[in-house]
Amino acid sequence: MDEITIKTQPKSGYVIRNKPLRLQCRANHATKIRFKCSSKWIDDSRVEKQIGTDSTSGVGYVDASVDISRIDVDTSGHVDAFQCQCYASADDDQDVVASDIATVHLAYMRKHFLKSPVAQRVQEGTTLQLPCQAPESDPKAELTWYKDGVVVQPDANVIRASDGSLIMSAARLSDSGNYTCEATNVANSRRTDPVEVQIYVDGGWSEWSPWIGTCHVDCPLLRQHAHRIRDPQSVLPHQRRTRTCNNPAPLNGGEYCKGEEEMTRNCKVPCKLDGGWSSWGEWSACSSSCHRFRTRACTVPPPMNGGQPCFGDDLMTQECPSQLCTADSSRIVISDTAVYGSVASIFIVASFILAILAMFCCKRGGKKSKSSKPLKMTPEKSGGIYYSEPPGVRRLLLEHQHGTLLGEKISSCSQYFEPPPPLPHSTTLRSGKSAFSGYSSTRNAGSRAALIQECSSSSSGSGGGKRTILRTSSSNCSDDDNYATLYDYMEDKSVLGLDTSQNIVAAQIDSNGARLSLSKSGARLIVPELAVDGEKMLYLAVSDTLSDQPHLPPLESALSPVIVIGQCDVSMSSCHHDNILRRPVVVSFRHCASTFPRDNWQFTLYSDEGAGWQKAVTIGEETLNTNMFVQFEQPGKKNDGFGWCHVMTNSLARLMLAGHPRRNSLSASKRVHLAVFGPMEMSSYRRSFELRVYCVPETGAAMESVWKQEDGSRLLCESFDFILNEKGNLCICIEDVIPGFTCEGPEVVEISETQHRWVAQNGLHCSLKFRPKEHNPPPFSTRVIVYQKASSTEPMVMEVSNEPDLYDATSEEREKGSVCVEFRLPFGVKDELARLLDMPNESHSDWRGLAKKLHYDRYLQFFASFPECSPTSLLLDLWEASSSGSARAVPDLLQTLRVMGRPDAVMVLERFLSAFPQIISP
């Protein structure tokens with residue numbers, strides 16, 4: 001019998017969607033052929049057979065074929081590859097020959113690309129790489145790049161990398177366009193969303209033109225009129241030259257040339273000029289020794305070309321008139337009128353206090369006095385510096401549920417715990433002893449400082465509506481004079497009242513000032529010395545409730561929560577409309593605008609001072625009528641890594657920062673906070689549960705609202721500073737779910753740009769549901785990836801696990817406020833610096849130079865617009881706010897003064913620093 005041989009072997013291939021794979025087999029000298037796939041015989045009824053004889057050789061053969069469908073592969077239960085063979089034999093099945101193995105694959109292509117190209121804007125000549133990694137597929141997909149719908153042909157400048165990326169070694173203007181990556185295999189073809197590539201050119205200067213202008217000077221005429229001219233340089237001839245920003249000119253939004261288009265230089269003149277004195281300046285304020293001084297300079301004209309210097313003194317001192325010498329010499333006297341007014345005010349206040357004390361003594365004369373030692377104000381150590389407790393400052397601990405009296409010794413920074421319900425802008429505080437008696441500004445410091453237990457937010461009748469908010473921890477006051485009450489809201493609520501979602505901290509402050517802080521909500525308030533007269537109870541509150549915000553124009557977006565500074569009035573009247581501030585305070589708060597590496601924001605500060613929301617400042621467009629100063633800090637400048645906005649204001653108000661893109665061609669970005677919350681108890685992971693992914697503005701207050709909403713949950717993972725553009729869908733993907741759990745919902749959640757709305761003030765969140773596969777599952781873990789389509793921001797990968805050792809944070813942690821009573825520089829040091837730097841000089845090494853060195857010179861007129869305040873002291877107040885968290889703030893200020901060329905001011909700071917071995921930020 002002739003040997004059976006297989007002439008046509010079945011070939012491996014793919015089942016494509018609903019199109020089966022046909023396996024063919026031909027055998028010589030055989031009478032039948034059967035197919036076996038994954039250890040199972042194919043039914044003969046499915047096999048198509050044809051028996052014939054080769055016309056050339058006369059050898060008989062059998063042709064057989066069978067179609068393998070997707071159902072065959074899916075229902076086979078195979079673990080490895082789906083493999084098939086054909087078997088040829090004669091009728092007696094004595095001699096069976098098997099063919100080679102053919103592997104059958106299911107062709108597919110997943111939906112999402114592993115890496116997608118992102119829009120880019122790069123400078124001409126730089127290297128540009130567009131990433132693209134095809135979706136998971138079988139067979140492996142081929143990648144093709146398109147530009148504006150046309151296939152990109154590789155050349156010497158455009159390269160296709162092995163991972164599929166498109167690389168342009170030196171980007172050209174002609175490379176600008178819309179790029180798409182296409183992945184293709186036998187199963188499908190998919191394309192990424194088009195992304196725009198913009199190649200720009202920054203401007204470059206041309207060469208300088210020749211100097212233009214004559215340098216001829218009539219020396220006799222110059223000497224004749226030199227002493228009548230304040231600045232001789234202004235009348236001396238000079239030359240100028242120009243250049244043009246056209247080498248190259250900026251294209252496609254490239255930056256304009258940096259620097260000046262015109263340069264001038266003074267001519268070298270041979271004229272010899274003798275120096276001349278300027279007029280005497282104004283008299284300085286009187287010192288503690290009752291002396292004042294004034295100066296003049298040898299500048300009218302300055303000596304030139306070997307001329308004689310001025311002869312005489314440039315400093316004149318004299319004893320102050322007796323009426324100008326006061327006991328309080330630490331205040332900065334601006335004018336004689338202010339001095340006489342202050343003296344009169346002192347006599348009036350002293351008379352009033354004496355009258356009150358006389359009435360007080362008469363009323364209490366029959367009562368037995370309690371003998372006790374007054375509270376001893378001992379110096380306390382704070383960060384390596386010893387500060388004495390300033391007199392007259394009272395701190396309150398705000399506690400919503402539990403009240404514990406303070407000990408006899410008051411710490412320098414009291415901690416605030418749970419926030420009470422909201423305080424209105426004008427709320428009356430009255431003594432529990434009498435409805436007509438308020439707090440006296442002369443009582444012993446620290447005699448009444450304790451926990452605010454409860455504040456009512458509902459209207460109630462007299463007496464029953466009062467809540468004790470202030471108790472004494474000292475025994476130098478009787479029992480009937482040791483507390484105050486906070487009356488319930490009036491029916492006519494203040495326009496500056498807040499929703500109950502706010503966080504709040506309050507303190508009673510006198511002329512020594514204080515610092516209030518809500519660290520987690522991202523807000524601080526500095527009340528400088530002499531900002532209030534007597535004693536005032538002020539509060540700082542933060543709200544991210546949408547109803548508290550102003551109505552913004554369509555293009556503007558909120559970039560901060562609403563910040564409120566208000567007063568709890570300690571007087572007989574229930575409301576004061578007069579401004580209680582005698583100098584500006586500094587409000588600092590976090591914002592979520594992304595200003596690095598490119599700032600495309602136009603910022604606007606809104607304020608409500610009692611008459612409704614209004615635009616207070618458009619940054620960069622300040623005028624002489626602008627009554628607030630706004631200073632920004634780049635994220636990462638301080639240790640907390642957040643972006644801060646500092647506002648100097650002379651009134652109590654609500655504040656909120658908003659903004660819109662400066663140029664429509666460039667997108668603005670926000671910094672957002674990502675957080676994943678899950679169940680608190682480990683037993684919850686034994687049944688179906690959900691994870692909640694939050695995306696909220698990076699302001700602090702927004703995350704505090706999330707904490708309140710997630711009461712009883714646990715924070716499993718969080719990430720800071722994810723950059724989110726206004727345009728582009730936001731995607732949240734689930735990957736690498738640990739075996740033992742399964743995701744019940746979709747693994748990719750896509751939120752359109754119309755839905756995420758650029759994370760409006762309350763942000764957004766989505767729920768991801770999971771279910772354990774067994775009764776005792778292993779510890780849960782997965783990976784959450786957050787990215788934005790058509791964005792150059794790197795995806796944020798968050799490793800989520802319920803193991804407490806990896807990440808353990810619960811919602812029990814709430815906002816803690818604090819009140820500090822010390823500043824970086826004592827008032828006396830700031831007063832000395834103000835006396836030295838307030839007086840202008842020709843070299844601008846005065847307060848104006850300090851503002852420029854500190855980068856506070858955008859709107860310099862603001863610091864000179866308060867007649868009763870020193871410009872230098874205002875600059876130091878703003879420096880105090882912006883240097884929070886910096887351990888080198890004072891040494892850096894010392895170096896700034898040294899660079900300015902002010903050895904007198906340097907000596908003041910060195911004398912202050914020499915008293916302490918180490919300076920640590922409070």
Side-chain angles (χ1 to χ4, degrees), residues 6-27 30 32-50 62-89 96-116 132-144 164 181-193 731 733-737 739-750 769-771 773:
I6 295 179
K7 293 299 183 182
T8 303
Q9 302 282 349
K11 296 181 179 179
S12 300
Y14 289 88
V15 176
I16 304 171
R17 297 181 182 174
N18 296 325
K19 182 181 178 181
L21 173 67
R22 171 158 289 196
L23 298 178
Q24 292 182 328
C25 184
R26 170 178 283 196
K32 60 181 179 182
I33 295 178
R34 298 188 68 186
F35 286 89
K36 189 177 186 180
C37 296
S38 292
S39 304
K40 293 183 180 180
W41 291 104
I42 301 296
D43 192 342
D44 285 345
S45 62
R46 294 176 53 187
V47 180
E48 297 179 5
K49 298 179 182 179
Q50 183 179 358
V62 177
D63 271 341
S65 63
V66 65
D67 289 337
I68 304 300
S69 67
R70 187 183 190 94
I71 297 177
D72 294 326
V73 179
D74 288 340
T75 60
S76 64
H78 66 285
V79 178
D80 299 322
F82 188 85
Q83 296 177 337
C84 296
Q85 285 179 289
C86 68
Y87 294 84
S89 65
V96 180
V97 178
S99 69
D100 296 338
I101 295 176
T103 303
V104 180
H105 304 272
L106 292 180
Y108 71 94
M109 180 183 293
R110 302 292 186 199
K111 182 177 180 180
H112 296 285
F113 281 74
L114 299 180
K115 287 186 179 180
S116 299
C132 183
Q133 189 172 345
E136 183 182 348
S137 60
D138 190 15
K140 185 178 179 180
E142 297 290 333
L143 294 179
T144 306
C181 178
E182 182 183 61
T184 306
N185 69 356
V186 295
N188 211 334
S189 178
R190 300 189 186 279
R191 285 193 178 189
T192 63
D193 294 333
C731 298
C733 303
I734 301 296
E735 288 186 358
D736 298 340
V737 180
F741 292 87
T742 181
C743 181
E744 292 188 322
E747 295 184 350
V748 178
V749 178
E750 185 168 340
K769 296 184 178 181
F770 297 87
R771 176 176 52 84
K773 294 181 179 179

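Keep in mind that the numbers below use all heavy atoms, side chains included, and drop hydrogens, waters and symmetry copies. None of the values given here were measured: they were computed from a predicted structure. For this chain, numbers begin at 1 and follow the sequence in order.
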Report summary line: Heavy atoms of Ala183 and Leu143 approach each other most closely as CB-CD2, 3.7 Å
Query raised in the report: For Ser99, does its backbone N or O pair with a side-chain atom of Gln85 as donor and acceptor, under 3.5 Å?
Result: yes
Under 3.5 Å, which donor-acceptor pairs link side chains of residues 7-15 to any protein atom two or more places apart or in another chain?
{"unit_1": "Gln9", "atom_1": "OE1", "unit_2": "Asp100", "atom_2": "N", "d": "2.7"}
{"unit_1": "Ser12", "atom_1": "OG", "unit_2": "Thr103", "atom_2": "N", "d": "2.8"}
{"unit_1": "Tyr14", "atom_1": "OH", "unit_2": "Asp138", "atom_2": "OD1", "d": "3.1"}

Query - 4.5 Å side-chain heavy-atom contact, Tyr87 and Lys36 - result: yes
**Report entry** Residue of the set Leu21, Asp43, Asp72, Leu23 for which side-chain contact (heavy atoms from CB on, under 4.5 Å) holds with Val66
**Finding:** Leu23
Query - Neighbour count above 12 (heavy atom, 6.0 Å) for Glu750 CD - result: yes
**Report entry** Non-hydrogen atoms of Ile33 and Cys86 that approach each other most closely
**Finding:** CG2-CB, 4.0 Å
Query raised in the report: Would you say the side chain of Lys111 lies within less than 4.5 Å of the side chain of Arg190, judging by non-hydrogen atoms?
Result: yes
Query raised in the report: How about Cys25 and Ile6: do any of their side-chain heavy atoms sit closer than 4.5 Å?
Result: yes
Report task. Please say whether more than 12 non-hydrogen atoms of neighbouring residues, nucleotides or ligands are located less than 6.0 Å from CG in Asn18. Result -> no
Query raised in the report: How about Thr742 and Val737: do any of their side-chain heavy atoms sit closer than 4.5 Å?
Result: no
Requested in this report: Evaluate side-chain contact (heavy atoms from CB on, under 4.5 Å) for Glu182 paired with Ser189, printing each intermediate quantity in order.
Outcome: CA-CA 7 Å; Glu182 182 183 61; Ser189 178; 3.4 Å; yes
Query raised in the report: In this structure, are over 12 heavy atoms from other groups packed under 6.0 Å from Lys115 atom NZ?
Result: no
Report summary line: So CD of Gln133 and CZ of Phe113: to nearest 0.5 Å the spacing works out to 10.5 Å
Query - Value rounded to 0.5 Å, distance of CZ in Arg191 from SG in Cys132 - result: 11.5 Å
Query raised in the report: Does any non-hydrogen side-chain atom of Pro139 lie less than 4.5 Å from one of His105?
Result: no
Query raised in the report: So do the side chains of Thr192 and Ser116 get within less than 4.5 Å of each other, counting heavy atoms only?
Result: yes
**Report entry** Beyond-backbone contact of Tyr108 with Arg17, side-chain heavy atoms, under 4.5 angstrom
**Finding:** no
Query - Spatial distance of atom CD (Gln24) from atom CG (Asp63) [nearest 0.5 Å] - result: 7.5 Å
Query raised in the report: Any salt bridge between Glu48 and Arg22, counting N to O under 4.0 Å?
Result: yes
Requested in this report: Considering non-hydrogen atoms only, spot the tightest contact between Ala30 and Ala27 and give its length.
Outcome: CB-CB, 3.9 Å
Query raised in the report: Taking side chain as C-beta onward, heavy atoms only, is Cys37 less than 4.5 Å from Phe82?
Result: yes
Query raised in the report: Are the side chain of Asp74 and the backbone of Ile71 linked by a donor-acceptor contact shorter than 3.5 Å?
Result: no
Query raised in the report: Looking at Ser137 and Asn185, what are the two nearest heavy atoms and their distance?
Result: CB-ND2, 3.6 Å
**Report entry** SB check Arg34 Asp44 (cutoff 4.0 Å)
**Finding:** yes
Query - Gap separating the CD atom of Glu735 from the SG atom of Cys743, nearest 0.5 angstrom - result: 12.0 Å
**Report entry** Considering all heavy atoms, the nearest Ala187-Ile16 contact
**Finding:** CA-CG2, 4.1 Å
